[in-house]
Amino acid sequence: MHASDIEGDLTEVLVTESEIHAKLAELARRIEADYEGRDLLLVGVLKGAVMVMADLARELRPHLNMDWMAVSSYGAGTQSSGVVKILKDLDTDLTGRDVLIVEDIIDSGLTLSWLLENLRSRGAASVEVCALLRKPDAAKVEVDVRYLGFDIPNQFVVGYGLDYAERYRNLRDVAILAPHVYS
């Protein structure tokens with residue numbers, strides 16, 4: 001779906017599909033250099049990170065493994081509750097593995113902070129973060145992000161995997177959702 005298909009639901013496109021793909025290619029080159037000769041496990045955070053994970057994995061040249069985890073702190077709302085619930089756990093044993101968490105967006109940082117601690121406690125050799133988007137003005141906790149795509153304003157955004165009530169994930173760009181849609 002293109003932004004022009006739903007203009008009335010959006011106020012502004014923040015990051016275009018072509019900008020996203022260019023940034024993921026750039027991040028992939030850095031990841032390849034940093035993990036050369038190592039056995040990397042990408043951990044995607046469902047559902048929002050599906051697009052980012054798929055496109056990043058296709059950009060990476062070495063063999064890698066992928067697994068998925070679903071955690072929630074939003075429900076159907078527009079702000080994180082800060083209470084994390086595991087909806088789907090990993091199938092992979094992390095002991096001694098180099099893990100790269102792939103996220104769509106870092107908002108308050110509460111969920112990701114919890115996830116980092118959780119995965120590190122499972123015996124991973126290393127746990128780092130790759131996030132397409134970050135809202136610095138929304139941060140409640142500081143999270144170290146090794147690979148970052150774009151900093152964006154503290155607005156409610158949709159597209160490229162990001163949703164509102166399970167809608168808009170298939171929008172090719174990242175855009176600000178008009179308040180009348182969720183008010």
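These numbers come from a predicted model, not from an experiment.
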Using atom types as modelled and distance alone, determine if a side-chain donor or acceptor of R29 lies under 3.5 Å from a backbone N or O of E59.
yes
Would a distance-only check, ignoring hydrogens and angles, find a side-chain to backbone donor-acceptor pair under 3.5 Å from T92 to L94?
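Between the backbone of L94 and the side chain of T92 there is no qualifying donor-acceptor contact (under 3.5 Å).
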Is there side-chain contact between [X] and [Y], with at least one heavy-atom pair below 4.5 Å?
X: L60; Y: E32; answer: yes
X: K88; Y: L46; answer: yes
X: V129; Y: L112; answer: yes
X: L115; Y: V45; answer: yes
X: V127; Y: R97; answer: no
X: L162; Y: Y168; answer: no
X: L10; Y: D173; answer: no

Salt bridge or not for K47 and D163, using N-O below 4.0 Å?
no
Regarding D34 and R146, does a basic nitrogen lie under 4.0 Å from an acidic carboxylate oxygen?
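Judged by the 4.0 Å cut-off on N to carboxylate O distance, D34 and R146 do form a salt bridge.
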Please answer: with hydrophobic residues joined when any side-chain heavy atoms are less than 4.5 Å apart, are I20 and M51 in the same cluster?
yes
Given the rule that I, L, V, M, F, W and Y join up when any side-chain heavy atoms are under 4.5 Å apart, are M1 and V13 in one cluster?
no
Hey, which of R134, K140, K135 is the one that makes salt bridge (charged side-chain N to carboxylate O under 4.0 Å, His left out) with D107?
K135
How close do E19 and L14 get, heavy atom to heavy atom, and via which atoms?
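Closest approach of E19 to L14, heavy atoms only: OE1-O, 4.2 Å.
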Closest non-hydrogen atom pair between D98 and A125, with its separation:
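In terms of heavy atoms, the two residues are closest at OD1-CB, 3.8 Å.
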From M69 atom CE to D91 atom CG, the distance as rounded to the nearest 0.5 Å
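That separation rounds to 11.0 Å.
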Is [X] atom [atom1] crowded by more than 12 heavy atoms from other residues, nucleotides or ligands, each under 6.0 Å away?
X: E117; atom1: CD; result: no
X: H63; atom1: NE2; result: no
X: R167; atom1: CZ; result: no

Go through the structure and list residues passing side-chain hydrogen bond (donor to acceptor under 3.5 Å, both in side chains) with D55, not counting sequence neighbours.
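D55 satisfies side-chain hydrogen bond (donor to acceptor under 3.5 Å, both in side chains) with R58, Y160 only.
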Kindly assign one of parallel, tilted or perpendicular to the pair Y164 and F156, based on the angle between their ring planes and the thresholds 30° and 60°.
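Aromatic pair Y164/F156 classed perpendicular.
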